[in-house]
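Notes to accompany the following structure.
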Amino acid sequence: MDVSHIFDRLNESQRQAVASPPGPLLVLAGAGSGKTRVLTYRVAWLVQALQMSPLSVLAVTFTNKAAQEMRGRIEEILGYSIGGMWIGTFHGIAHRLLRTHWREAGLKQEFQILDSDDQLRLIRRALKQLNMDDGYWPPKQVQWFINGHKEEGRRPQHIAETNDRQQDDLLRVYRTYEELCQRFGLVDFAELLLRAFELMKQNEVLRDLYQQRFHYVLVDEFQDTNSIQYEWLKLLASTHQNIFVVGDDDQSIYAWRGARIENIFQFEKDFKDTQIIRLEQNYRSTETILSAANAVIGNNRGRLGKNLWTEHDKGDPIRMYAAFNEVDEARFVVDRIQSWVDCGHARKDAAILYRSNAQSRVFEEILLDVGMPYRVYGGLRFFERAEIKDALAYLRLITSRQDDPSFERAVNMPPRGIGNKTMDLVRERARVNQIAYWDATLALIHGHELPSRSVQALTRFVELINSLDEQVQGLALAEQVDVMLCGSGLIAHYRKEKGEKAEMRVENLEELVTAARHFAHDPEDEVGTLPTFLTHAALEAGDAQAQRWEDCVQLMSLHSAKGLEFPLVFLTGLEEGLFPHQRSLQEAGRLEEERRLCYVGMTRAMRQLYLSYAEVRRLHGRESYTRPSRFLAELPSKLVEEIRDGFVMRPHGPAPDEKPESANGLRLGDRVHHSTFGEGVVLHVEGRGEYTRVQVNFADKGSKWLVLAYANLQIL
DNA sequence: GGGTTAACCTTTTTT
DNA sequence: AGGTTAACCC
C-alpha cells in the first residue's frame with residue numbers, strides 16, 4: 001500500500017519515529033514539535049503500512065479531550081472509522097477492564113465511581129465511624145494520604161505499622177474507607193487504576209489475553225504517568241515490547257498528584273534496546289518566544305536536555321506589563337485583546353492564562369464590562385454541581401437502593417422533614433445491623449422507636465423512590481431524567497427559590513435532560529443505559545460551559561493549557577507567591593515544577609506573548625504588595641519590552657547611562673507631594689514629554705489629574 | 001425539624 | 001471574598 005501520504009507531512013525525525021521498527025521507543029518531543037502528529041501518524045502507519053488491525057493497538061492519553069482528538073485525527077488520516085480501537089484515558093481504559101471483568105476484579109457488577117467530592121464524603125463517614133474528630137483529622141489530608149498510597153500501589157496491608165501514632169491512625173481510616181468502598185461497591189479514581197493493575201497482575205488468563213491482544217501500546221504525555229500507570233504499561237507491553245511513548249520532561253507538571261517524571265528516565269532501563277528520538281524543531285512559536293522559554297527552563301537541573309529551535313522569524317518582542325493592581329492588569333489585557341480584535345483577528349485566538357482558577361474572576365468582570373464574549377475552562381464542571389449531583393443521587397437510588405451515599409444526599413433534598421436526628425438513627429441502625437440505609441429505613445418504619453412524624457416522612461420518601469422507579473420503567477433516558485426531576489420535587493424546589501443562582505440551577509437541571517437526550521448508548525450493551533450514563537457523569541465531568549460555538553476569548557489555568565496553542569497569549573500574575581506558588585516554595589523540587597509550568601505557558605504562544613504582574617494584589621480579601629516573579633528575571637532582557645500605561649519603556653537590565661525614571665520621572669504607586677493638595681499616590685500616567693498627565697490620589701483631596709510639567713510634584 | 005445568621009476556614013493544579 | 005459549617009432561634 002502506498003503510504004507516501006503519511007510521510008509527506010513529516011520532518012526527518014518525525015518520520016524516523018513514525019516508521020521505526022517494532023520495539024520500545026521513547027520520543028522526547030519538545031513543545032510544539034508535532035508530538036500528537038507523530039502519535040497519530042504512527043497509528044496510521046501501523047494500520048496501513050504494517051497492515052495491523054486497529055484492534056491490536058492500544059493508545060492511552062490523560063484527558064478525554066486528548067483521546068477524542070487523537071481518534072478524530074487518526075480517522076481523518078485513514079479515511080474510515082476505527083470504532084473498535086481502544087483509545088482512551090488511563091482511567092477510562094481501567095474502567096472498561098473492570099466493567100468487563102468485574103467478577104474477577106472482586107467488584108459488584110453495578111459498582112459506581114466516586115469523584116473526589118464523593119470520596120471526601122465517604123472519608124468523613126469513615127472518620128465518624130472510627131470516632132475520630134474531623135477537626136483534628138482534616139478529611140482533605142486523609143484523602144491525600146489514601147490517594148498517595150494507592151498511586152504508589154500500596155494497600156493498607158502493605159503499609160507497615162509504625163510507632164508513629166498519627167501514621168497508624170491514618171492507616172486505620174484508610175482501612176475503614178476501603179471496607180466502606182467494598183461494601184457499597186464504590187471505586188474512586190485511584191482505585192480504578194490500582195484495581196485494573198492488580199487484575200492484570202494476579203489473573204494470568206486475563207493478562208495473557210490482553211498481552212496477546214495489544215501488539216502495540218502507545219502512550220501520550222508519558223512524563224505524567226504515576227507509578228501504577230507505568231507498572232500497568234510494563235505489564236501489558238512485556239510480551240511484545242512494542243511500546244511507543246511520547247513525552248517531554250520539561251512539561252511534567254503533575255508531580256503533585258503522583259506523576260513521576262523519573263519514569264521517563266527509567267524507561268530505557270526497563271526496556272532493553274530502547275530507541276530514543278528527539279523532536280526539537282518547533283513549528284509553533286516565533287524565535288523570540290522560543291529563546292525566552294529555553295532560557296527560563298535552562299535554569300532547571302536534572303533535565304534530559306534538549307534545545308528547541310525554529311525556522312520562524314524573530315517576531316515581536318515579548319511584552320511585559322507591570323500593573324498597579326489586578327484590576328489594572330485585567331484592563332490592560334482586555335484592552336490589548338480589543339486592539340487585536342480591531343485588527344481583524346479572532347477572539348478565540350487570544351488566551352489569558354493564570355496559575356490558579358481564582359484569578360479568572362477579575363478578568364471575567366472586565367470582559368463582562370466591555371461586553372466581550374469569553375469562555376472559562378476548568379473550574380466547576382457540569383456534573384460536579386450540587387444540583388446535578390442531587391439529581392444523579394436520585395437516579396442512582398432508583399437503580400440501586402443499596403447506594404448509601406446517594407440515599408444520604410437525596411433523602412432530604414428538597415427538605416422533607418428528615419433531618420439529622422432521624423438520619424442519625426438510620427445510620428446507627430445500618431451500622432449495627434450491617435445493612436444499607438435503605439433497609440435500615442424500612443426496619444425503622446416498621447419498628448416503634450421513631451416519632452410518628454419521622455416515620456411518616458421516611459415512608460413518603462421510600463414510596464417516592466419506589467414510585468419513581470415504577471414510572472421510569474420502559475422510558476427513554478431523557479424521559480426518565482425528566483420524570484425524576486419533577487417527581488422528586490427538585491426542580492420545583494429551585495423554581496420557587498429566588499435569585500439568579502436558583503435560576504441557574506433550574507437551567508442546569510434542564511440541561512441534564514438535554515445531556516441525557518444526546519447521550520448515545522449502544523442498545524446491545526448488557527449494562528443498561530441509565531447505569532452507563534451515571535458512569536459517564538463521573539468519569540467525564542463535562543465542561544463547565546458546554547457553550548455554543550462562539551468566537552470567545554479563552555481563559556484557563558496553565559495546567560489546562562497544556563497541549564494547546566494560541567497566536568496571542570497573556571501569562572498573568574507573575575508574582576512571587578502566586579507564580580511560583582507559595583506552597584511550591586517550601587518543598588524541594590516543587591520550584592522546578594513551577595518553572596516547567598512557566599515554560600509550558602510561554603510555549604503556548606505562537607506569535608505574541610505578554611507577561612504581566614500586579615504590584616498590589618487583592619487575594620482572599622486581603623490586599624498585599626507583591627514582588628515580581630523570579631521567572632521574569634530569568635528572561636533575557638533583550639527579548640523583553642516593558643510597557644507602562646500604554647508606552648514602551650527600555651528593556652530591563654543593564655541600561656548603562658539610563659536611569660529607570662527617565663521616561664517621565666514617576667512610577668505608578670509612587671508617593672508624591674503637591675504644594676496645595678498635599679500627599680498622594682500616583683495612579684495613572686498618560687501621554688509623554690511635556691504632555692504627560694498623571695492621576696494622583698491625594699489623601700485629603702481625592703484623586704486628581706495633573707499635567708506633570710506644571711504640577712511640580714516631589715517624589716517622596 | 002427548619003431556617004437564619006454568625007463564625008470560620010480555605011484559597012493550585014485534575015482523572 | 002467566597003463558601004461552608006456551627007450555633008441559634010423559631
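All values derive from a computational prediction rather than experimental measurement. Each chain gets a letter, A, B and so on, in the order the sequences are listed, and its residues count up from 1. Values reported hereafter were calculated over all heavy atoms of this structure, with side chains retained and with hydrogens, waters and symmetry mates removed.
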Are [X] and [N] close enough that a side-chain N or O sits under 4.0 Å from OP1 or OP2?
X        : N      : value
A:Ser557 : B:dT14 : yes
A:Thr63  : B:dT14 : no
A:Asn357 : B:dT12 : no

Hey, are the side chains of A:Arg125 and A:Asp404 touching, using non-hydrogen atoms and a 4.5 Å cut-off?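 In short, these two side chains touch, coming nearer than 4.5 Å.
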How many Å lie between [atom1] on [X] and [atom2] on [N], as a whole number?
X        : N      : atom1 : atom2 : result
A:Lys65  : B:dT15 : NZ    : P     : 9 Å
A:Lys150 : B:dT15 : NZ    : C1'   : 14 Å
A:Arg618 : B:dT10 : CZ    : P     : 21 Å
A:Lys140 : B:dC9  : NZ    : P     : 14 Å
A:Asp117 : C:dG3  : CG    : P     : 15 Å
A:Glu151 : B:dT14 : CD    : C1'   : 11 Å
A:Glu593 : B:dT12 : CD    : P     : 14 Å
A:Tyr254 : B:dT13 : OH    : P     : 10 Å

Taking everything shown except A:Arg460 itself, do over 12 heavy atoms lie less than 6.0 Å from its CZ?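 No, CZ of A:Arg460 has 12 or fewer neighbouring heavy atoms, counting only those of other groups under 6.0 Å.
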Kindly check if the number of other-residue, nucleotide or ligand heavy atoms within 6.0 Å of CZ (A:Arg627) is above 12?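 No, because the 6.0 Å sphere around CZ of A:Arg627 holds 12 heavy atoms or fewer from other groups.
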Please list, pair by pair, any protein nitrogen or oxygen found under 3.5 Å from a nitrogen or oxygen in nucleotides 2-5 of chain B.
residue	atom	partner	partner atom	Å
B:dG2	OP1	A:Gly417	N	2.4

Selected nucleotide, minimal atom distance to [X] side chain, candidates [options]:
X        : options               : answer
A:Arg361 : C:dA1, B:dT14, B:dT12 : C:dA1
A:Ser454 : B:dT12, B:dT14, B:dG1 : B:dG1
A:Thr422 : B:dT13, B:dT15, B:dG1 : B:dG1

Who pairs with A:Arg71 by salt bridge (Lys or Arg N to Asp or Glu O under 4.0 Å), at least two apart in sequence or on another chain?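 Result, salt bridge (Lys or Arg N to Asp or Glu O under 4.0 Å) vs A:Arg71: none returned.
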Value rounded to 0.5 Å, distance of [atom1] in [X] from [atom2] in [Y]:
X        : Y        : atom1 : atom2 : value
A:Phe570 : A:Leu353 : CZ    : CG    : 10.0 Å
A:Glu576 : A:Phe631 : CD    : CZ    : 7.5 Å
A:Arg429 : A:Leu444 : CZ    : CG    : 5.0 Å

For A:Trp256 and B:dT13, say yes or no: do the ring centres fall under 5.5 Å of each other while the ring planes differ by less than 30°?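 Yes, aromatic ring over the base.
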Under the 5.5 Å and 30° test, is A:His581 stacked on the base of B:dT12?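 A:His581 ring centre within cut-off of B:dT12 base, planes near parallel; stacks.
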Under 4.0 Å, counting only non-hydrogen atoms across every strand here, what does A:His91 touch: a base, just sugar-phosphate, or nothing?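 Base contact.
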Counting the atoms with a prime plus P, OP1 and OP2 as sugar-phosphate, which does A:Ser584 contact under 4.0 Å by heavy atoms, base, sugar-phosphate, or nothing?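 The answer is nothing, as A:Ser584 stays clear of every strand by at least 4.0 Å.
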A:Tyr599-A:Asp248 side chain donor-acceptor pair, cut-off 3.5 Å: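 Judged by distance alone, the side chains do not pair up.
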Residues touching DNA chain B, which here means a heavy atom under 4.0 Å, drawn from residues 185-194 of chain A: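 Result for residues 185-194 of chain A: A:Phe189, sorted by number.
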Let me know, please, whether A:Arg590 or A:Met423 comes out on the 5' side of the other along DNA chain B by nearest nucleotide.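 Per heavy-atom nearest nucleotide, the more 5' residue is A:Met423.
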Do the two ring centres, one from A:Tyr354 and one from A:Phe579, sit under 6.0 Å apart?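 A:Tyr354 vs A:Phe579: aromatic centres not under 6.0 Å.
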Quick one: does any side-chain atom of A:Arg604 pair with a main-chain N or O of A:Lys562 as donor and acceptor, under 3.5 Å?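 Checked: no pair found.
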